Amino acid sequence: MTTRVSIQFPEQVSYARPSSASIRDANLYVSGLPKTMTQKELEQLFSQYGRIITSRILVDQVTGVSRGVGFIRFDKRIEAEEAIKGLNGQKPSGATEPITVKFANNPSQKTSQALLSQLYQSPNRRYPGPLHHQAQRFRLDNLLNMAYGVKRFSPITIDGMTSLVGMNIPGHTGTGWCIFVYNLSPDSDESVLWQLFGPFGAVNNVKVIRDFNTNKCKGFGFVTMTNYDEAAMAIASLNGYRLGDRVLQVSFKTNKTHKS
DNA sequence: TCTAATT
């Protein structure tokens, strides 16, 4: 005996607010915020320019500390425009660095763009080495990070063996020695940083900084190493290193801005 | 080109 069940879905479940040019694109991305700034203080700073619909400060998933990046959605686009004029490049009272205020990108749009861009990006074969498949692992992780918006870490596999070196220990994420690498080529990817720094010791994490829209490297990146001695040796060895036709500048990351 | 980050 067979029972057939027919389920009907309503054609429309809910209706959004009528879209209007005046309330569209009123969302701002704010970076360079003092790590101590609270969401309330962020709203107070922006409230002089209009009615705030939502606000957010992004925090490190593990430590809970502010990443210095946030969002403000105004009621009206004109309010957001005025806030950019008034606050972009300005120092909030008590801050030592100016903040950047700009219109936010569309998150779903970014995710699909980045996924496509990475999927169709051919592997970097200019610097072949034993860590290549390790780099591939982390490229996959990068895809998953973007797809799910979550930081993931995996044990490092070298030549089929699982190494405990560099494996992330819960609670120790974010610790280590952050190294600034400057003068990378626009098509650099994470694999070059793994290959450059891996031989000097335990590398926790690498990141190539890319332009949000073009996905091209902006010329610099970061490497986090577990042990000070190994990080110092890597810096001493790689600072001034000629990579292709570029001379790398490698140092511990500082908090200085380019305006000094 | 000299320190990112996009809910």
Side-chain angles (χ1 to χ4, degrees), chain A residues 25-35 37-39 42-43 46 52-74 80 84 88-89 95-115 117-118 142-143 145-151 173-174 176-190 193 204-225 231 235 238-241 243-260:
Chain A
D25 304 324
N27 195 30
L28 296 179
Y29 171 84
V30 189
S31 60
L33 295 169
K35 300 289 194 288
M37 180 177 273
T38 64
Q39 185 178 1
L42 179 67
E43 287 201 5
F46 280 81
I52 295 170
I53 303 299
T54 58
S55 69
R56 180 161 302 185
I57 288 179
L58 301 187
V59 299
D60 183 281
Q61 196 139 21
V62 175
T63 67
V65 66
S66 167
R67 295 167 63 193
V69 175
F71 294 88
I72 292 281
R73 180 184 295 279
F74 279 104
I84 291 175
N88 183 41
T96 58
E97 301 302 329
I99 62 173
T100 298
V101 184
K102 59 212 267 195
F103 284 109
N105 291 85
N106 184 311
S108 56
Q109 187 181 332
K110 162 58 185 174
T111 300
S112 53
Q113 276 181 3
L115 288 172
S117 177
Q118 293 227 350
N142 286 339
L143 289 178
N145 285 344
M146 270 181 290
Y148 297 111
V150 177
K151 278 271 185 202
T173 303
W177 301 91
C178 191
I179 298 167
F180 173 58
V181 185
Y182 180 73
N183 214 14
L184 298 170
S185 77
D187 57 4
S188 296
D189 68 7
E190 271 71 10
L193 293 178
N204 279 341
N205 192 26
V206 304
K207 183 157 186 70
V208 167
I209 304 305
R210 295 182 172 87
D211 179 89
F212 195 87
N213 293 311
T214 69
N215 221 37
K216 290 290 186 185
C217 175
K218 292 169 87 165
F220 61 96
F222 298 99
V223 175
T224 304
M225 296 188 71
I235 290 170
L238 294 175
N239 186 38
Y241 181 81
L243 184 62
D245 55 356
R246 291 164 173 266
V247 176
L248 297 184
Q249 293 178 36
V250 183
S251 63
F252 283 113
K253 180 185 180 303
T254 71
N255 294 320
K256 288 181 184 175
T257 67
H258 61 285
K259 294 178 180 171
S260 83

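Because only heavy atoms are used, hydrogens play no part in the values below, and waters and symmetry mates are left out as well, while side chains stay in. Source: prediction; values computed, not measured.
- Qualifying side chain to side chain donor-acceptor pair (under 3.5 Å) partners for Q39(A), counting only residues two or more places apart in sequence or in other chains: S55(A).
- F180(A) pairs by the ring pair (Phe, Tyr, Trp, His ring centres under 6.0 Å) definition with F220(A), F222(A), not counting sequence neighbours.
- Residue order along DNA chain B, read from the 5' end via each residue's closest nucleotide, puts Y182(A) first among Y182(A) and I209(A).
- For the pair F180(A) and dT3(B), the ring geometry qualifies as stacking, because the centroid separation is below 5.5 Å while the planes lie within an angle under 30°.
- Between the CD atom of Q249(A) and the C1' atom of dC2(B) there is a distance of 7 Å, given to the nearest Å.
- One interatomic measurement links the two molecules: CD1 of I72(A) to P of dA5(B), which rounds to 19 Å at whole-angstrom precision.
- We find that R56(A) and E43(A) are not joined by a salt bridge, their nearest charged nitrogen and carboxylate oxygen being 4.0 Å or further apart.
- Closest contact between the side chain of V69(A) and the listed nucleotides dT6(B), dA5(B), dA4(B) involves dA5(B).
- Side chains of L193(A) and L184(A) form a contact here, defined as non-hydrogen atoms less than 4.5 Å apart.
- When heavy atoms are screened at a 4.0 angstrom cut-off, K216(A) is found touching no nucleic acid atom at all.
- Atom-to-atom, CG of N215(A) to P of dT6(B) comes out at 11 Å; the value is rounded to the nearest Å.
- Here dA4(B) presents its P atom at 9 Å from OH of Y29(A), a figure rounded to the nearest Å.
- Side chain R246(A) to base dT1(B): a donor-acceptor pair is found below 3.5 Å.
- Here the P atom of nucleotide dT3(B) and the CD1 atom of I99(A) are 18 Å apart, to the nearest Å.
- What separates CG of L193(A) from C1' of dT3(B) is a distance of 14 Å, to the nearest Å.
- Taking atom CG of L58(A) as the reference point, atom C1' of dA5(B) lies 7 Å away to the nearest angstrom.
- Computed from coordinates, the N213(A) CG to dT6(B) C1' distance equals 11 Å when rounded to whole Å.
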